[in-house]
Trainee: 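Please read through the structure below; I'll follow up with questions.
Throughout, protein chains are lettered first and strands after them, A, B, ... in sequence-line order, and every chain is numbered starting at 1. Nothing here was measured: the structure is a model prediction, and the numbers come from that model.
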Number of protein chains: 2
Amino acid sequence: MNDFKERKKKILQVVIRHYVRTARPAASGMIVRDYDFPFSSATVRNVLAELEEEGYLTHPYTSAGRIPTDKGYRFYVDRLMEAQKLTQEEERHIAREYRAKRRGLEEVMRQTSKMLSLISHQAGFILTPTLDRNFLKHIELVALGGKRILAVLVIQAGLIRHKTIQLNYDLKRSQLYRISKILNEKLSGLPLSQMREEMNRIIEQESNKYLGLLQTAKGLIGQAFTSEESEIYLEGSANILASVKEDLYDYAGVGSVFRAIEEKRIILDIVRRLVQSEGVKVLIGKENLYPELKDFSVVSSTYKSGNRVVGALGIIGPKRMEYPKMVALVDFVAKVVNNILNSEGG
Amino acid sequence: MNDFKERKKKILQVVIRHYVRTARPAASGMIVRDYDFPFSSATVRNVLAELEEEGYLTHPYTSAGRIPTDKGYRFYVDRLMEAQKLTQEEERHIAREYRAKRRGLEEVMRQTSKMLSLISHQAGFILTPTLDRNFLKHIELVALGGKRILAVLVIQAGLIRHKTIQLNYDLKRSQLYRISKILNEKLSGLPLSQMREEMNRIIEQESNKYLGLLQTAKGLIGQAFTSEESEIYLEGSANILASVKEDLYDYAGVGSVFRAIEEKRIILDIVRRLVQSEGVKVLIGKENLYPELKDFSVVSSTYKSGNRVVGALGIIGPKRMEYPKMVALVDFVAKVVNNILNSEGG
DNA sequence: ATTAGCACTCTTAACGAGGGAGTGCTAATA
DNA sequence: TATTAGCACTCCCTCGTTAAGAGTGCTAAT
């Protein structure tokens, strides 16, 4: 019984590997031939039929070889595939790229999504950190002329958020300076998510002293923290076109995939769900609930700031992808990004 | 003779319009039928043959209809096509989108490229302003903790450039404040391109007073102004996929187009050349010198800050595009962006 | 439990024929 | 001289046919 199961697994594994490599359905005869299988093709056929019945495989038409279903891929990812490391060159390449230039968060984001797409030959992405539950280190208000102010929030080393604020009244430079001072005194060290409430509390407590200024400050804070959305950086969607071309079986829906990728909202939503927990996650085919991406898989991991998960990164590609490699890549890059965000001047 | 030429032009125009609309070669009979042409198809055939001989048209095989060459499109754009306006709805739509949320330059950039792609059904793009020759209004240095400083350069209302600077020595907050003050005194009102030299001059003149600080300031300026590259925002490349699909004659090379578009370097280069002069420009097929884009056209215009051209925006699509419409769109959006950049608090 | 054998299915490529669209040319016409 | 009718010719496209090939599913034998 155990022996039997082992063989079945092995066959499933071979089918998936073959299909991933060649984009052609795996045939029973082929499996026996190419993988030195100690049984006849007929036996393999029986097993394949079982696997199909149990939902791990299908075939596009009666007499084609087998290709994996989502369930098949899922089983492979969870139980069958062996961990893999990137090659030395690849790791070196990544390290070098980051070393070359990395100033500011934006650069890191761009770099990362590019990196991911380049090595995976899939579309790579990275979410900008969500910082709501992180602590404010420092706030700076810069007068931009006119009625505009630039609010710069320093959260962690390397993590900066800035936002232009449009006022409908004038504010003298001296006032701005005083407000800035007050805000820093009162708000530093608090989590970003509490800024608003905290402002209200301050105003209640200290209403006597400098009410006008505080009201102004409240307005500023209100504007600086509205619509605190994550952004997504995405590179390499051209790769997807290429890999779809190889695929013989479903050309349809490439357009919708592209649209979905470009729209980014969908990706954002999918990834946001994955951020909930740490570590490398794999979403196969319909497991992500958007029909536009039903023929695609997402491999992603998270990165932290301090000990808090603040963002995610990963790759998107056709279901038929080299999962072990992809997992290794995403894992590695996540670690690199972690290092960058947490090492310097932390 | 004049009459003769008019007819020829008319026929060229009809061929182009037809091909743009339907993606099918225009046949002599078809022209007569669909456009109430007061001659026989034979006559038209003669003219078509002439036009082909002169290089304005080709046909993909002996007995297919005619399609325009680059030269044909060029003539159409320069001499034949009639100016067109966007529909009321479209203009309203654009205006509304911009009104909805526009804080900060980044938002405007993103908005614009999205807008362009949405209405044109092509890939839309916009270059961020190149500000080298604009005047510095104000400079602000923000300590980010560790050895990092954020330099915020205010150039015009709405035009802000910021850059994180990595030092390899510590800088006290008081020092930073003094440096900031000096920089503002000495550098405000100068063009960005002269910052470096100006710093050197200042140091020479005032070396006696506070040499150390000035040297530090020089370092900061040096870093803040290096690699002042334009960025490009690009949306809607999925649209290109769709329009290529319609085309029967050249499927090949879609991959390379996508790669080119995503790489952005090529687009950047092409557009940068177009920025030289004002107004709407059309580049047809091979006129842009990159073979990857030989089957595509670029319609672009520039936008200004003050009275200086600082950036470009436009759309990219297959040669077979509705030029009049595209020109109208690009023109309109360029004007809107101009308004935004120059109106408020200017 | 495994396997050999074979019929059956479906794909793919190649081929050819027929129809159709459209041109190019020539000769007639206004 | 400019236009047009007419017609042969070219080339594509579609469809049906065919043949080969790949691979399965099943049955019966081991």
Side-chain angles (χ1 to χ4, degrees), chain A residues 1-12 14-15 18-19 22-54 56-69 72 246-251, chain B residues 1-12 14-15 18-19 22-54 56-69 72 246-251:
Chain A
M1 181 65 179
N2 189 17
D3 196 277
F4 171 80
K5 270 192 163 172
E6 277 312 314
R7 191 179 64 185
K8 203 154 153 186
K9 280 190 213 166
K10 178 74 185 168
I11 288 176
L12 179 56
V14 167
V15 170
H18 178 266
Y19 184 65
T22 64
R24 317 227 168 260
S28 59
M30 192 258 111
I31 293 173
V32 174
R33 222 182 314 114
D34 291 14
Y35 292 84
D36 287 335
F37 204 70
F39 297 94
S40 80
S41 67
T43 310
V44 173
R45 270 202 294 285
N46 290 332
V47 179
L48 289 177
E50 284 178 47
L51 282 168
E52 177 159 4
E53 200 156 343
E54 295 164 30
Y56 295 102
L57 299 175
T58 3
H59 46 202
Y61 53 90
T62 333
S63 110
R66 299 305 205 293
I67 63 176
T69 60
E246 283 185 14
D247 239 311
L248 297 168
Y249 293 101
D250 36 349
Y251 245 112
Chain B
M1 182 65 180
N2 189 18
D3 195 278
F4 172 81
K5 269 192 165 172
E6 278 311 313
R7 191 180 63 185
K8 204 155 153 185
K9 282 190 211 165
K10 178 75 185 166
I11 287 177
L12 179 54
V14 167
V15 170
H18 177 266
Y19 184 64
T22 64
R24 315 225 170 263
S28 58
M30 192 257 110
I31 293 173
V32 175
R33 223 182 312 115
D34 291 14
Y35 292 83
D36 287 337
F37 204 71
F39 297 94
S40 79
S41 66
T43 311
V44 174
R45 270 202 293 286
N46 290 331
V47 180
L48 289 177
E50 285 178 46
L51 282 168
E52 178 159 4
E53 200 156 342
E54 296 164 29
Y56 296 102
L57 299 175
T58 1
H59 47 202
Y61 53 91
T62 333
S63 110
R66 298 306 205 293
I67 62 177
T69 59
E246 282 184 14
D247 240 310
L248 296 167
Y249 292 101
D250 36 347
Y251 245 111

Trainee: Side chain of B/A27, heavy atoms from C-beta onward: which of D/dT3, C/dT9, C/dG22 has the nearest atom to it?
Mentor: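 Nucleotide nearest to B/A27's side chain: C/dG22.
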
Trainee: Hey, are the side chains of A/V15 and A/L51 touching, using non-hydrogen atoms and a 4.5 Å cut-off?
Mentor: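 SC-SC contact between A/V15 and A/L51 ruled out.
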
Trainee: Give me the one residue out of A/I31, A/L12, A/L48 that meets side-chain contact (heavy atoms from CB on, under 4.5 Å) with A/R66.
Mentor: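 Answer after filtering A/I31, A/L12, A/L48: A/L48.
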
Trainee: If I take atom CG in residue A/D34 and atom P in nucleotide D/dA22, what distance separates them, rounded to the nearest angstrom?
Mentor: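 Computing the A/D34:CG to D/dA22:P distance gives 13 Å.
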
Trainee: At under 4.0 Å between heavy atoms, what does A/S41 touch on the DNA or RNA strands: base, sugar-phosphate, or nothing?
Mentor: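 A/S41: no heavy atom of the nucleic acid under 4.0 Å.
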
Trainee: Determine all donor-acceptor pairs shorter than 3.5 Å in which one atom belongs to a side chain in residues 37-45 of chain A; sequence neighbours excluded.
Mentor:
unit_1	atom_1	unit_2	atom_2	d
A/S40	OG	A/A42	N	3.2
A/S40	OG	A/T43	N	3.4
A/S40	OG	A/T43	OG1	3.3
A/S41	OG	A/R45	NH1	3.4
A/R45	NH1	A/S28	OG	3.2

Trainee: For C/dT23, take OP1 and OP2 only and decide whether either is under 4.0 Å from a side-chain N or O of B/S28.
Mentor: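 Yes, B/S28 has a side-chain N/O under 4.0 Å of OP1/OP2 on C/dT23.
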
Trainee: Between atom CD in A/E50 and atom P in D/dT24, what is the gap in whole Å?
Mentor: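 Atom-to-atom, A/E50 to D/dT24, this comes out as 15 Å.
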
Trainee: In whole Å, what is the span from the CZ atom of A/F37 to the P atom of C/dA1?
Mentor: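 One finds 16 Å between P of C/dA1 and CZ of A/F37, rounded.
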
Trainee: Between N or O atoms, less than 3.5 Å apart, protein on one side and nucleotides 25-28 of chain D on the other: list the pairs.
Mentor:
unit_1	atom_1	unit_2	atom_2	d
D/dG25	OP2	A/R66	NH2	3.1
D/dG25	N7	A/R45	NE	3.0
D/dG25	O6	A/R45	NH2	3.2

Trainee: Tell me which of B/P38 and A/A26 sits closer to the 5' end of DNA chain D, going by the nucleotide each one is nearest to.
Mentor: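 The 5'-side residue here is B/P38.
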
Trainee: Please examine the side chains of A/T58 and A/E52, heavy atoms only from C-beta on, and report whether any two atoms are closer than 4.5 Å.
Mentor: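 Touching, per the 4.5 Å side-chain cut-off.
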
Trainee: To the nearest 0.5 angstrom, please state how far the OG1 atom of A/T69 sits from the CG atom of A/L57.
Mentor: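 Result: 6.5 Å between the selected atoms.
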
Trainee: Applying a 3.5 angstrom cut-off to the pairing atoms, does DNA chain D sit in any stems of at least three consecutive Watson-Crick or G-U pairs? List them by first number.
Mentor: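 As far as DNA chain D goes, consecutive pairing (with distances under 3.5 Å) yields the stems C:1-30 with D:1-30.
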
Trainee: Indicate the atoms forming the closest heavy-atom contact of A/Y19 with A/P25, along with that distance.
Mentor: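 So the two residues come closest at CD1-N, 3.9 Å.
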
Trainee: How close or far is atom P of D/dA22 from atom NE2 of A/H18, stated in whole angstroms?
Mentor: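 In whole Å, D/dA22 P lies 13 Å from A/H18 NE2.
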
Trainee: Given atom CZ of A/F39 and atom P of C/dT2, what is their separation to the nearest angstrom?
Mentor: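 For the pair A/F39 CZ and C/dT2 P, the rounded distance is 6 Å.
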
Trainee: It should be established whether A/R7 places a side-chain nitrogen or oxygen under 4.0 Å from OP1 or OP2 of nucleotide C/dT2.
Mentor: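 Result: yes.
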
Trainee: Using side-chain heavy atoms (C-beta onward) and a distance below 4.5 Å, is A/Y35 in contact with A/K10?
Mentor: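 Contact flag for A/Y35/A/K10 side chains = no.
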
Trainee: Using whole Å, what does the distance between atom P of nucleotide D/dC12 and atom CD1 of B/I67 come to?
Mentor: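 B/I67 atom CD1 is separated from D/dC12 atom P by 14 Å.
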
Trainee: What nucleotide, of C/dT2, D/dC12, D/dT3, holds the atom closest to the side chain of B/Y61?
Mentor: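 It is D/dC12.
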
Trainee: If you check every side-chain atom of B/S40, which of C/dT2, D/dG23, D/dA5 has the closest atom?
Mentor: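 Of all the options, the side chain of B/S40 is nearest to D/dA5.
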
Trainee: How many whole angstroms separate atom CG of A/L57 from atom P of D/dT24?
Mentor: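 Interatomic distance, CG of A/L57 to P of D/dT24: 11 Å.
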
Trainee: Can you tell me the distance, in whole Å, between the CD1 atom of B/I11 and the P atom of D/dT3?
Mentor: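 It is 10 Å, rounded to the nearest whole Å.
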
Trainee: Hey, what do you get for OG1 (A/T22) to CE (A/M30), rounding to the nearest 0.5 Å?
Mentor: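 Atom-to-atom, A/T22:OG1 and A/M30:CE are 7.5 Å apart.
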
Trainee: Check the phosphate of C/dT3 against A/T43, side-chain N and O only, distance under 4.0 Å to OP1 or OP2. Yes or no?
Mentor: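 Answer yes for this pair, as a side-chain N or O of A/T43 is under 4.0 Å from OP1 or OP2.
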
